[in-house]
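Data block below; observations after.
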Amino acid sequence: MDGAAAYRDSRRRPLRDQNGPGEAPLTLLLNDSPMATLLATPEALEPLALGHAYTAGWIGRADQVTEVRLARLRHGLAVHLSVAPRIEALALALRRAAPSLSSCGACGLAEEGQLLAGLRRLPARPPLAAAALRRGLEALSAHSAPGQHLALGLDAWGRLLALGRDIGRHNALDRVIGEGLRRGSDPGRHFAALLVSSRCSLELVHKAVRAGISTLATLALPSDMAVEVARGCDLNLICCHRGRDLELLSGQAPDTPENLL
């Protein structure tokens, strides 16, 4: 048999030798109210919890969370975010009808309208220069890990400010946004762009707009709905086509004509 065409049999290899990405159920709570359950990489949970709470609309500022506590559950982990009772009451109206167990964190929403809640037209800002975005793509390649999605927060020159790595692409993006919040800054002012090592779904556009970040770049082609909503919100949405070619799908024209073919 041709060895190149045969399977390598790893059926009996112990899981401890698998070197795959970690994954565990993560329950997010406001005070003691369960809000959502994610399947996520079980590390650096505070920025993930803060970022998800912010992009889900449960909190509007990082200082609305007075304490973050971690606890072990039977099969996973819990993150308790301590907030004022009025914040908890408002957020409970947005709570998902069911746990989010897929790669798309939007699954399980109670109503279709929640998919578009909180969207707005962003201030008109040009996208990153092509050279700056390519600098970000180099960082994306340098920090990649097998089996995990990667999200980067970049400055206007394409330099790396924050990194989020997770088995879920939406979790990776929440980690970056949460890291901006944890540093005490408005993510929309702190990051000039977000770069994600995946395709672009509507939820990624939603998170970028909710965070007020003007540019979102992804490696694979976005969905039609993601492009439509990005155009309505004036988000600079860029498909990097696996790093081979940069395509501006929505938003503003670049500062200089040579950055637009």
Side-chain angles (χ1 to χ4, degrees), residues 18-26 28 36-56 76-77 79 99-108 115 128 133-154 158 160-182 187 191 193-211 213 215-223 225-227 229-230 235 237-244 246-247 249:
Q18 186 71 18
N19 296 320
E23 182 179 28
L26 174 66
L28 305 182
T37 299
L38 313 173
L39 286 175
T41 299
E43 58 188 36
L45 297 182
E46 182 177 339
L48 171 58
L50 282 173
H52 188 89
Y54 184 77
T55 59
L77 298 161
V79 184
S100 173
L101 298 178
S102 79
S103 62
C104 174
C107 296
L115 286 171
L128 262 61
L133 184 51
R134 291 208 178 273
R135 191 173 296 120
L137 286 166
E138 291 173 4
L140 194 75
S141 177
H143 290 280
S144 64
Q148 291 186 302
H149 289 296
L150 191 64
L152 305 183
L154 306 175
L160 178 62
L161 298 179
L163 180 152
R165 189 183 284 120
D166 199 280
I167 195 165
R169 62 186 184 277
H170 57 287
N171 292 338
L173 193 58
D174 276 340
R175 288 176 185 275
V176 170
I177 293 169
E179 187 58 39
L181 290 169
R182 195 164 64 160
F191 301 120
L194 298 167
L195 174 58
V196 184
S197 65
S198 68
R199 66 181 176 85
C200 181
S201 62
L202 171 62
E203 191 184 15
L204 298 191
V205 167
H206 190 276
K207 289 179 182 294
V209 172
R210 286 291 294 260
I213 300 170
T215 296
L216 172 64
T218 62
L219 283 195
L221 195 65
S223 70
M225 180 174 282
V227 175
V229 172
L235 174 71
L237 182 60
I238 301 166
C239 178
C240 299
H241 293 284
R242 299 294 170 188
R244 296 187 301 272
L246 308 180
E247 184 179 11
L249 297 168

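A quick note: this is a predicted structure, and the numbers were derived from the prediction, not measured. Side chains included, hydrogens not; waters and symmetry mates left out as well; all remaining heavy atoms used.
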> In Å and rounded to the nearest 0.5 Å, what is the OG1 to NE2 distance from T55 to H206?
Replying inline: 8.5 Å

>> Using the rule given for side-chain contact (heavy atoms from CB on, under 4.5 Å), can you reason through V205 versus L216, listing the C-alpha separation, both sets of side-chain angles and the distance that settles it, and then say yes or no?
In response: CA-CA 7 Å; V205 167; L216 172 64; 4.2 Å; yes

> Rounded to the nearest 0.5 Å, how far does CZ of R182 lie from CD1 of I177?
Replying inline: 14.5 Å

Could you give the side-chain donor-acceptor pairs of residues 133-149 under 3.5 Å, partners two or more places apart or in another chain?
unit_1	atom_1	unit_2	atom_2	d
R134	NH1	G243	O	3.2
R135	NH1	W157	O	2.2
S144	OG	S141	O	3.1
Q148	NE2	T41	OG1	3.4

>> What's the separation between atom CZ in R165 and atom CG in L152, rounded to the nearest 0.5 Å?
In response: 9.0 Å

> Is the backbone of L150 close enough, under 3.5 Å, to the side chain of S197 for a donor and an acceptor to pair up by distance?
Replying inline: yes

> Taking all non-hydrogen atoms of both residues, which atom of L235 and which atom of A208 are closest, and how far apart?
Replying inline: CD1-CB, 4.3 Å

> Looking at CE of M225 and CG of L202, how far apart are the two atoms once the value is rounded to the nearest 0.5 Å?
Replying inline: 6.0 Å

> To the nearest 0.5 Å, what is the distance between CG (L181) and CG (D174)?
Replying inline: 10.0 Å

> Quick one: are L45 and L26 in side-chain contact, heavy atoms under 4.5 Å?
Replying inline: yes

> Does a side-chain heavy-atom distance below 4.5 Å link R199 with T218?
Replying inline: no

> To the nearest 0.5 Å, what is the distance between OG1 (T37) and CG (L28)?
Replying inline: 7.5 Å

>> Could you walk me through whether R169 and L204 satisfy the side-chain contact (heavy atoms from CB on, under 4.5 Å) test, starting with their C-alpha distance in whole Å, then the side-chain angles of each, then the deciding distance to 0.1 Å, before giving a yes or no?
In response: CA-CA 8 Å; R169 62 186 184 277; L204 298 191; 4.1 Å; yes

> Where do I213 and P187 come nearest, in terms of heavy atoms and distance?
Replying inline: CG1-O, 3.6 Å

> What closest approach, in Å, do P42 and E23 show between heavy atoms, and which atom pair accounts for it?
Replying inline: CD-N, 3.8 Å

> Do the non-hydrogen side-chain atoms of L219 and S198 ever get within less than 4.5 Å of each other?
Replying inline: no

> Do the side chains of I238 and L249 get nearer than 4.5 Å, heavy atoms only?
Replying inline: no

> Is there a side-chain contact between L38 and H52 (heavy atoms, below 4.5 Å)?
Replying inline: yes

> Less than 4.0 Å between a side-chain N and a carboxylate O, is that true for E203 and K207?
Replying inline: yes

> Any sub-3.5 Å donor-acceptor pair from N171's side-chain atoms to L39's backbone N or O?
Replying inline: yes

> Do you know the tightest heavy-atom contact between L194 and L173?
Replying inline: CD1-CD1, 3.6 Å

>> With heavy-atom distances below 4.5 Å as the criterion, would you say the side chains of L154 and L195 are in contact?
In response: yes

> Can you find a pair of side-chain heavy atoms, one from C239 and one from P222, that are under 4.5 Å apart?
Replying inline: yes

>> Using side-chain heavy atoms (C-beta onward) and a distance below 4.5 Å, is L221 in contact with H241?
In response: yes

